[in-house]
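For reference, the structure is listed below as structure tokens.
The figures that follow rest on heavy atoms only: side chains count, while hydrogens, waters and symmetry mates do not.
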Amino acid sequence: QVQLVESGGGLVQPGGSLRLSCAASGSIFMINSMYWYRQAPGKQRELVAVITSGGSTNYADSVKGRFTISRDNGKNTVYLQMNSLKPEDTAVYYCKADIRSYGSTWYSAYWGQGTQVTVSS
């Protein structure tokens, strides 16, 4: 089975930076798009950023210009560089990847376990 493991979350002051990582492992044949979502308490889960297999990116308006999504296909890893962090960015961040496993003929969505990001002074 495929697993996505996230790392890099933590406590940071307003204006600070963090880089989240999400590494996929298991019987992976191909990875298509990769995503970062976040969910604050009492709020809906929202899409933060997406990167396609071709490297095209898109961002939520609330993070545009501050966050950068990237991927390393050799490591099956997606990153989220977060700069100029605000208290409003506080949330649990989840990665997602569309993955085709060995022995499968279709892509399935896999989710990471989530990592807490807290922006506070």
N/O donor-acceptor pairs under 3.5 Å from side chains in residues 95-104, not counting sequence neighbours:
| residue | atom | partner | partner atom | Å |
| --- | --- | --- | --- | --- |
| K96 | NZ | Y37 | OH | 3.1 |
| D98 | OD2 | Y35 | OH | 2.8 |
| R100 | NE | S104 | O | 2.9 |
| R100 | NH2 | S104 | O | 3.4 |
| S104 | OG | W106 | N | 3.3 |
| S104 | OG | W106 | O | 3.2 |

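- Other residues, nucleotides and ligands contribute only 12 or fewer heavy atoms inside 6.0 Å of the CD atom of Q3.
- By the 4.5 Å side-chain criterion applied to Ile, Leu, Val, Met, Phe, Trp and Tyr, L11 is assigned to no cluster and stands alone.
- Residues meeting the side chain to side chain donor-acceptor pair (under 3.5 Å) test with D89, sequence neighbours left out: R38, R66.
- Around NZ of K43, the count of heavy atoms belonging to other residues, nucleotides or ligands within 6.0 Å does not exceed 12.
- The ring pair (Phe, Tyr, Trp, His ring centres under 6.0 Å) contacts involving residues 38-68 comprise nothing, where partners must be two or more places apart or lie in separate chains.
- For Y110, the ring pair (Phe, Tyr, Trp, His ring centres under 6.0 Å) test picks out no residue, with sequence neighbours left out.
- Geometrically, R45 engages Y94 in a cation-pi contact, judged by NZ or CZ lying under 6.0 Å from the ring centre and within 45° of the ring axis.
- Residue M82 comes nearest to V117 through the heavy atom pair CE-CG2, 3.9 Å, listed as atom of the first residue, atom of the second, then distance.
- Atom-to-atom distance recorded for T115:OG1 and L18:CG is 9.0 Å, nearest 0.5 angstrom.
- For the residue pair I31 and S53, the shortest heavy atom distance occurs at O-CB, 4.3 Å.
- Residue pairs satisfying the side-chain hydrogen bond (donor to acceptor under 3.5 Å, both in side chains) criterion with at least one member in residues 11-31, sequence neighbours excluded, are listed as follows: S17-N83.
- Residues S70 and I51 share a closest heavy-atom pair of CA-CD1, 3.9 Å.
- Looking at every heavy atom in both residues, T90 comes nearest to V119 through OG1-N, 2.9 Å.
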